[in-house]
Amino acid sequence: MQTDPKPGTLYIVGTPIGNLEDITFRAVRILQTVNLIAAEDTRHTGKLLQHFQIKTPQISYHEHNSHSRIPELLEYMANGQAIALVSDAGMPGISDPGYELVKACVEAGVTVVPIPGASAAITALSAAGLPTDRFVFEGFLPAKAQKRREYLELIQAESRTLIFYESPHRLRESLQDFATVWSGDRQIVLARELTKLYEEFWRGTIAEAIAHYSQREPQGEYTLVVAGITASQPQLTEEQLKAELLQIISQGISRSQASRQLAKMTSLPRRQLYQLALSLEINPDNTN
């Protein structure tokens, strides 16, 4: 049943991630009939509105002005205006500051209504060919190499399918970090240009992806779908882990290197194993 937008309501409107035909009839109707559209980039959204002959006025709402804009938008809704929130592509609030406005509306007692639309993460997952029964969305990885590797260590033992967003200029570095912190034999799917003319899904192992993109320049925004660890790896007790560490260290390898090596063998976090290594009583010559 179609109803006009309710006064004083925030509508979270999903927009196409590429192909304009993916917008829903409901999304078009809401965008046509709200009082105001809060857009991440008014120029970008303006092209979408022009295509569908939508004349609703826009106001900018993005990460750089969200804190000052939220009180203004809340006041508009308190005065009975209905507002649609859109991002440049996909569902607002997913890897953008939309959630801050939603949180503020919830706290202020403003009704929030989602208008479902496309999402790059779910679109890529649906066609990846990796398990979809349990998955976790991790958004963009840290830009700094050290922080990125530390974060990958934290989620090293994750058994669910993992979904990331990545920019083309950091893709090679992130793939190399996947191989260094995890292993090169995990399955990965790289999806780019989703729903667009040159949509592409590349499938293989992390090591194969590194080789592929050493010969090809990454282009476009990427959605990475990575297999979680398998449950076939037997779980070792703390004493067994200490024994393994002692065996590796006895070969003249430092505690740090031994922890990294065992982390790859067991898919356990390196930091956890390093703490175990520090607790070992071993020859001072091998206590690095």
Would you name the heavy atoms of [X] and [Y] that are closest together and state the gap between them?
| X | Y | result |
| --- | --- | --- |
| S174 | L141 | OG-CD1, 4.1 Å |
| I210 | A179 | CD1-CB, 3.7 Å |
| L262 | L241 | CD2-O, 3.9 Å |
| A191 | L194 | CB-CD2, 3.8 Å |
| P116 | R26 | CD-NH1, 4.0 Å |
| E100 | Y61 | CB-OH, 3.9 Å |

Measuring only between side-chain heavy atoms, which start at C-beta, is [X] closer than 4.5 Å to [Y]?
| X | Y | value |
| --- | --- | --- |
| P16 | E21 | no |
| L190 | E166 | no |
| I163 | F135 | yes |
| I37 | L31 | yes |
| N65 | S60 | yes |
| L20 | L48 | yes |
| Q275 | L278 | yes |
| R270 | S256 | yes |

Looking only at the side chains, is there a donor atom on one of [X] and [Y] sitting less than 3.5 Å from an acceptor on the other?
| X | Y | result |
| --- | --- | --- |
| Q247 | S250 | no |
| Q146 | E150 | yes |
| T45 | D88 | no |

Indicate yes or no for a side-chain donor-acceptor contact from [X] to the backbone of [Y] under 3.5 Å, with no hydrogens or angles considered.
| X | Y | answer |
| --- | --- | --- |
| R148 | D177 | no |
| Y11 | K6 | yes |
| E158 | R160 | yes |
| S126 | T123 | yes |
| R203 | A128 | yes |
| E199 | T195 | yes |
| T161 | P131 | yes |
| W182 | L152 | yes |
| R192 | Q219 | yes |
| R186 | A227 | yes |

Under-4.0 Å salt bridge between E200 and R216: yes

Pair E217-R172, salt bridge (charged side-chain N to carboxylate O under 4.0 Å, His left out): steps then yes or no: CA-CA 9 Å; E217 191 68 28; R172 287 170 173 163; 3.5 Å; yes

With hydrophobic residues grouped by side-chain heavy-atom distances under 4.5 Å, do I229 and L130 end up in a single group? no

So, taking the atom named CZ in F52 and the one named CD in Q32, what distance separates them when rounded to the nearest 0.5 Å? 9.5 Å

Kindly compute the distance separating CD (E63) from OG (S95), expressed to the nearest 0.5 Å. 11.0 Å

How would you list all residue pairs meeting salt bridge (charged side-chain N to carboxylate O under 4.0 Å, His left out) that involve residues 105-134, not counting sequence neighbours? K103-E107

List the residues meeting side chain to side chain contact (heavy atoms under 4.5 Å, CB included) with S119, not counting sequence neighbours, and say none if there are none. A121, I122, Y165

Atom pairs and distances, side-chain donor-acceptor, residues 75-83, under 3.5 Å, sequence neighbours left out:
residue : atom : partner : partner atom : Å
Y76     : OH   : E72     : OE2          : 3.4
N79     : ND2  : E75     : O            : 3.2

Would you confirm whether the ring centroid of F164 sits within less than 6.0 angstrom of the ring centroid of F178? yes

